[in-house]
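Order of the sequence lines sets the chain letters (A, B, ...), proteins ahead of strands, with each chain counted from 1.
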There are 2 protein chains.
Amino acid sequence: MKTAPRAQDVADLAQVSQSAVSRTFTPGASVSESTRNKVLAAAQRLGYRPNALARSLITRQSRIVALVMSYLENQFYPLVIEKLSQKLQKQGYHVLMFIADIDEGADGVLADILQYQVEGIVMASTMLSPTLAKSCSDVGVPVVQFNRISDLGGLTRYATSSVTSDNAAGGRLAAELLVARGYKRIAFLAGLEDSSTSLERERGFKEALSELGTSVSYRDTGHYSFDGAKDAARRLFGHADRPDAVFVANDHMAIAVMDVLRQEFCLRVPEEVGVIGFDDVPQAAWGAYQLTTVYQRVEPMVDATVELLLEQMRGEVRAREIVVPCMLVERKTVRPAA
Amino acid sequence: MKTAPRAQDVADLAQVSQSAVSRTFTPGASVSESTRNKVLAAAQRLGYRPNALARSLITRQSRIVALVMSYLENQFYPLVIEKLSQKLQKQGYHVLMFIADIDEGADGVLADILQYQVEGIVMASTMLSPTLAKSCSDVGVPVVQFNRISDLGGLTRYATSSVTSDNAAGGRLAAELLVARGYKRIAFLAGLEDSSTSLERERGFKEALSELGTSVSYRDTGHYSFDGAKDAARRLFGHADRPDAVFVANDHMAIAVMDVLRQEFCLRVPEEVGVIGFDDVPQAAWGAYQLTTVYQRVEPMVDATVELLLEQMRGEVRAREIVVPCMLVERKTVRPAA
DNA sequence: CTGAAAGCGCTAACAT
DNA sequence: ATGTTAGCGCTTTCAG
């Protein structure tokens with residue numbers, strides 16, 4: 001465990017100055033072909049790699065982006081990790097992971113994050129408290145809220161960027177489909193009461209229903225968890241006057257609902273109960289579920305996130321909200337048109 | 001976007017030396033109560049946070065651990081990210097994510113990693129090439145291979161630590177169960193041909209079958225992907241003399257197999273075909289699958305990983321292999337005892 | 001194009 | 001217990 005070679009070691013071996021070494025590893029610096037080759041050869045022999053941390057200290061660019069998450073049970077988020085890491089890697093950035101306790105929120109963890117001089121923060125499945133928004137804004141670290149926005153109320157002074165699906169529009173699509181297919185007693189199963197994602201989906205859903213002359217007859221919350229959704233399903237469907245369709249705030253919970261419907265209540269989907277989810281996670285397409293759902297595509301959302309991050313790092317824009325369209329994916333949990 | 005406050009700024013405001021500030025933020029340093037308070041007050045006012053990168057430069061401790069992955073489709077791995085991040089956070093470390101392209105392997109990405117002065121590397125679902133093992137060993141960065149070990153052949157000079165389940169024992173359990181329940185024409189569906197995990201599971205499975213006086217009648221590979229497994233299932237079951245049971249190298253593929261069995265071949269599980277998976281991912285317990293499987297617990301595996309990492313960072317041990325026991329979880333995809 | 005020198009923000013001797 | 005000093009490994013003026 002000897003110490004790693006430094007630029008000076010390479011310089012000594014290559015018989016050049018230490019700055020020459022630095023320049024060789026700095027894209028676009030002016031070095032002659034011959035010195036560059038001497039340096040590279042020496043570096044190769046010693047197994048030299050520039051110390052990114054030391055570089056950051058002076059360039060003030062850590063090339064690190066923090067990703068804060070708390071809810072990996074839902075397969076949507078692992079996909080986000082994967083795509084975001086890949087995209088950022090391609091831009092020369094790297095992702096530092098932070099798992100926020102669901103209870104304590106992101107605040108605790110964010111104190112840590114800032115010490116690492118991250119150049120940007122992506123908050124997925126976690127909300128940014130106004131306090132934190134201010135902290136980040138003060139330090140000048142761009143924040144992008146992914147798939148969840150904070151209700152800052154009037155406190156929009158520290159506006160942060162966000163990327164979301166058009167959740168309300170998605171909710172409308174769900175409503176229109178259920179009505180068109182003749183479902184009458186319609187339920188909504190929420191995620192978390194303070195989740196903008198869930199709230200927007202619900203808002204669009206209800207608005208469309210009301211325009212179509214009907215409304216939500218039943219409502220419950222599944223806390224975005226599988227077991228929470230099962231419990232909610234038991235409450236919703238465990239009585240005679242049960243709903244004949246349910247729009248669930250995400251696929252993860254929708255699948256839980258289907259399990260309860262079929263196994264505990266022996267109800268047939270979609271004949272006796274229609275189910276619509278949201279996200280289009282890979283599991284929604286699995287043979288046993290074939291869930292009709294509203295997709296939100298990870299790829300364009302991640303692209304938008306990276307774009308937002310980069311433009312803010314360059315100091316171009318203060319904050320911007322990007323809304324990505326979503327679309328209905330019809331599978332087999334809503335009965336076909338008569 | 002003004003520049004962040006430095007220790008010197010705090011010192012100036014608090015009317016103390018810059019070292020006093022440093023000491024205040026160094027646990028266990030000797031500072032008087034009064035200076036500490038002055039410093040904390042000043043730091044608070046300025047919103048000062050120590051620069052972890054600058055600190056790393058001198059302490060030679062980045063408190064960063066790299067996590068290399070490539071295969072997040074399988075829900076087993078997101079769980080690993082979650083647990084590992086949490087555990088390391090608790091120890092004051094943080095996880096820098098690296099997604100390795102499946103094709104190019106981890107080599108490309110590792111050049112990057114080392115620049116970040118990570119204190120350890122966890123390779124999950126990716127193999128370490130002997131070249132890389134050497135690089136890491138040279139720099140003295142501990143590496144833990146998680147759930148996959150390299151077949152270095154004779155090149156065990158750069159032995160790396162690993163954490164795996166007792167895959168062979170798990171394979172044996174699967175074999176014993178299938179034989180005990182009277183299945184006769186038994187198939188094995190592999191993950192990747194060069195994956196130690198899959199190979200070990202297969203080895204134990206075959207050994208036990210042979211001890212029980214039978215053997216694997218059919219074999220195919222699903223490349224650890226959902227679609228790959230479906231294709232393999234079509235090949236395995238698409239003829240008259242089909243298997244009556246299959247042990248699949250992991251749950252993710254086992255679920256794909258079940259979809260094909262039920263929907264494309266209208267075969268009933270477990271009556272006509274028995275299915276056993278491996279991992280016990282959350283989805284294995286979902287109502288529509290209820291997969292009988294061999295569990296490998298993420299939690300103890302992650303604990304072992306962190307332990308291995310920490311002890312090697314302290315320079316205590318060179319390399320150690322930890323094997324975590326696994327156990328059968330019987331659900332409903334293997335028929336009950338007669 | 002190249003080397004010398006200054007310093008990024010911090011910690012860790014070393015004095016006092 | 002506190003301040004002074006010397007770097008950690010690197011980039012970036014500034015001369016030449």
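At a cut-off of 3.5 angstrom, counting only N and O atoms as typed in the model, there is no donor on one side facing an acceptor on the other between the side-chain of B:T59 and the base of C:dA12.
B:R63 CZ to B:H94 NE2: the interatomic distance, rounded to the nearest 0.5 Å, is 8.5 Å. In this structure, CD on B:Q15 lies 13.0 Å from OG1 on B:T35, to the nearest 0.5 angstrom. Here the straight-line distance linking atom CE of A:M313 with atom CD of A:E311 works out to 11.0 Å at 0.5 Å rounding. Here the CZ atom belonging to B:R148 is positioned 12.0 Å from the OG1 atom belonging to B:T164, to the nearest 0.5 angstrom.
Within the 3.5 Å criterion, the main-chain N or O of B:V109 finds no donor-acceptor partner in the side chain of B:D112. Checked by atom type and distance alone, the side chain of A:E119 pairs as donor or acceptor with a backbone atom of A:S62 at under 3.5 Å. With hydrogens and angles ignored, the 3.5 Å screen pairs no side-chain donor or acceptor of A:S85 with any backbone N or O of B:F98. With B:R6 contributing its side chain and B:N51 its backbone, the two residues share no donor-acceptor pair below 3.5 Å.
The two residues B:V21 and B:A7 make their nearest non-hydrogen contact at CG2-O, 3.7 Å.
Direction change of the helix axis from one end of the helix from C:dC1-D:dG16 to C:dT16-D:dA1 to the other is 40°, with five pairs defining each end axis (rounded to 10°).
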Write down the protein N/O and nucleotide N/O pairs, taken from nucleotides 8-10 of chain C, whose separation is under 3.5 Å; answer none if there are no such pairs.
unit_1	atom_1	unit_2	atom_2	d
C:dC8	O3'	A:R60	NH2	3.0
C:dG9	OP1	A:R60	NH1	3.3
C:dG9	OP1	A:R60	NH2	2.4
C:dG9	N2	B:A54	O	3.4
C:dC10	OP1	B:Y48	OH	2.8
C:dC10	OP1	B:N51	N	3.0
C:dC10	OP2	B:A7	N	2.5

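Using the six-membered ring where Trp is involved, B:Y48 and B:F25 have ring planes that are perpendicular, over 60° apart on the 30 and 60° scheme.
B:V21 comes within contact range of no nucleotide atom at all, as no heavy-atom separation falls under 4.0 Å.
Contacts of residues 23-37 of chain A with DNA chain C (heavy atom under 4.0 Å): A:R23, A:S30, A:V31, A:S32, A:T35.
Scored by the side chain to side chain contact (heavy atoms under 4.5 Å, CB included) test, B:R45 finds B:L13 as partners (sequence neighbours excluded). Under the side-chain hydrogen bond (donor to acceptor under 3.5 Å, both in side chains) criterion, B:D12 pairs with B:Q8, not counting sequence neighbours.
The existence of a salt bridge linking B:E299 and B:K87 is confirmed by a sub-4.0 Å separation between a basic side-chain nitrogen and an acidic carboxylate oxygen.
Reading DNA chain D from its 5' end, the first and the last nucleotide to sit under 4.0 Å from a heavy atom of chain B are D:dA1 to D:dG9.
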